[in-house]
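Presented below is the structure to which this report refers.
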Amino acid sequence: MDKWNKRFMELTEHIATWSSCLRRKVGAVIVKDKRIMTTGYNGAPAGVKTCVERGECMRNVKQIPSGTHAEICYAAHAEQNAIIQAAKEGVSLNGCVLYCTHQPCVVCAKMIINAGIKEVIYKEGYPDEFSRQICAEAGVKLTKYEDL
């Protein structure tokens, strides 16, 4: 296994510990030519109370299953936050690789495709087959970390 893949995947796991989500801790690192472009973790937008601060997860309270109704949540996903950070700082992600603790959902997949990210390397699966389908159609390679 490539030492760089291992390093970047370990970094996603560390970044996931910064998450303010009670349900799932997710971290993302976007890389180009072995250089970190941006990072992200799942959490509420700036100025919005997090689930930790609220003491509850709205998705758990409403019994919303994983992989559905992503819009019903205070948090933005780790991949979204990494892509948004790049936009905020004027960093191009075209041709980059996104490392993530979890397979992206379909909303994140659409952002990944439009940002020009060429590959996603993820550790844990996610119940969203449409995400896999849309990435395949757009030519974005999805690689499970254990398969490297």
Side-chain angles (χ1 to χ4, degrees), residues 1-46 48 50-53 57-60 64-148:
M1 178 177 304
D2 179 280
K3 70 179 179 180
W4 288 101
N5 286 329
K6 184 176 191 278
R7 288 175 179 171
F8 293 133
M9 191 54 70
E10 286 173 351
L11 187 54
T12 67
E13 292 169 349
H14 177 72
I15 291 167
T17 67
W18 305 343
S19 170
S20 59
C21 181
L22 296 171
R23 193 172 197 179
R24 179 175 294 157
K25 308 280 187 203
V26 181
V29 177
I30 302 178
V31 175
K32 187 169 193 173
D33 300 326
K34 298 179 185 172
R35 291 187 135 359
I36 297 168
M37 307 306 283
T38 62
T39 64
Y41 55 90
N42 55 330
V48 175
T50 69
C51 291
V52 169
E53 293 169 325
C57 169
M58 178 185 354
R59 293 178 61 78
N60 285 345
I64 299 169
S66 288
T68 66
H69 301 291
E71 73 281 3
I72 303 173
C73 181
Y74 290 108
H77 290 184
E79 306 94 318
Q80 293 169 4
N81 279 327
I83 291 168
I84 291 164
Q85 189 65 29
K88 186 176 178 181
E89 299 300 327
V91 176
S92 172
L93 301 180
N94 197 41
C96 288
V97 175
L98 186 148
Y99 291 83
C100 197
T101 54
H102 293 73
Q103 174 198 318
C105 72
V106 70
V107 173
C108 290
K110 292 172 186 177
M111 292 178 70
I112 287 164
I113 292 163
N114 282 346
I117 294 168
K118 67 179 181 179
E119 182 177 8
V120 175
I121 298 174
Y122 65 93
K123 193 165 188 182
E124 302 292 329
Y126 188 73
D128 193 335
E129 186 57 37
F130 188 47
S131 170
R132 299 184 68 73
Q133 178 186 336
I134 199 167
C135 283
E137 185 174 335
V140 173
K141 184 177 178 185
L142 287 178
T143 305
K144 190 156 172 59
Y145 179 65
E146 68 187 25
D147 295 338
L148 290 175

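Just the heavy atoms: all of them, side chains too, but no hydrogens, waters or symmetry mates, feed the values below.
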If only atom types and distance count, is the side chain of [X] paired as donor or acceptor with the main-chain N or O of [Y] below 3.5 Å?
X: T101; Y: T12; result: no
X: K34; Y: W4; result: no
X: K25; Y: C21; result: yes
X: N42; Y: R24; result: yes
X: D128; Y: V106; result: yes
X: E89; Y: A86; result: no

Do you see a donor-acceptor pair shorter than 3.5 Å between the side chains of S66 and R59?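 Side-chain D/A pair, S66 to R59: absent.
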Consider only side-chain N and O atoms of R23 and N60, and report whether a donor and an acceptor are under 3.5 Å apart.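 Per modelled atom types, R23 and N60 side chains form a pair under 3.5 Å.
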With a cut-off of 3.5 Å and sequence neighbours excluded, list every side-chain donor-acceptor pair involving residues 69-76.
| unit_1 | atom_1 | unit_2 | atom_2 | d |
| --- | --- | --- | --- | --- |
| H69 | ND1 | E71 | OE2 | 3.4 |
| Y74 | OH | R54 | NH1 | 3.4 |

By the definition side chain to side chain contact (heavy atoms under 4.5 Å, CB included), identify the one residue from E79, Q80, K110 that meets it with P104.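 Only one option passes, and that is E79.
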Matching residue for F8 among I36, I121, L98, V97 - test: side chain to side chain contact (heavy atoms under 4.5 Å, CB included):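 So the option named by the test is I36.
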Would you check, one step at a time, whether the test side chain to side chain contact (heavy atoms under 4.5 Å, CB included) holds for Y99 with V31? CA-CA 8 Å; Y99 291 83; V31 175; 3.9 Å; yes
Using a 4.5 Å cut-off on heavy atoms from C-beta on, say whether the side chain of V120 contacts that of K141.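 The answer is no; the side chains never approach within 4.5 Å.
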Is the shortest side-chain N to carboxylate O distance from K123 to E13 below 4.0 Å?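 Answer for the salt bridge query: yes.
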Pair Q103-R132, side chain to side chain contact (heavy atoms under 4.5 Å, CB included): steps then yes or no: CA-CA 9 Å; Q103 174 198 318; R132 299 184 68 73; 3.4 Å; yes
Looking at residues at least two apart in the chain, or sitting in another chain, which of them share a side chain to side chain donor-acceptor pair (under 3.5 Å) with E119?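 Only T143 meet the side chain to side chain donor-acceptor pair (under 3.5 Å) criterion with E119.
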Excluding sequence neighbours, so at least two apart, what forms ring pair (Phe, Tyr, Trp, His ring centres under 6.0 Å) with Y126?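 Residues passing ring pair (Phe, Tyr, Trp, His ring centres under 6.0 Å) with Y126: none at all.
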For the residue pair C57 and L22, what are the closest heavy atoms and their distance?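 The answer is N-CD1, 3.7 Å.
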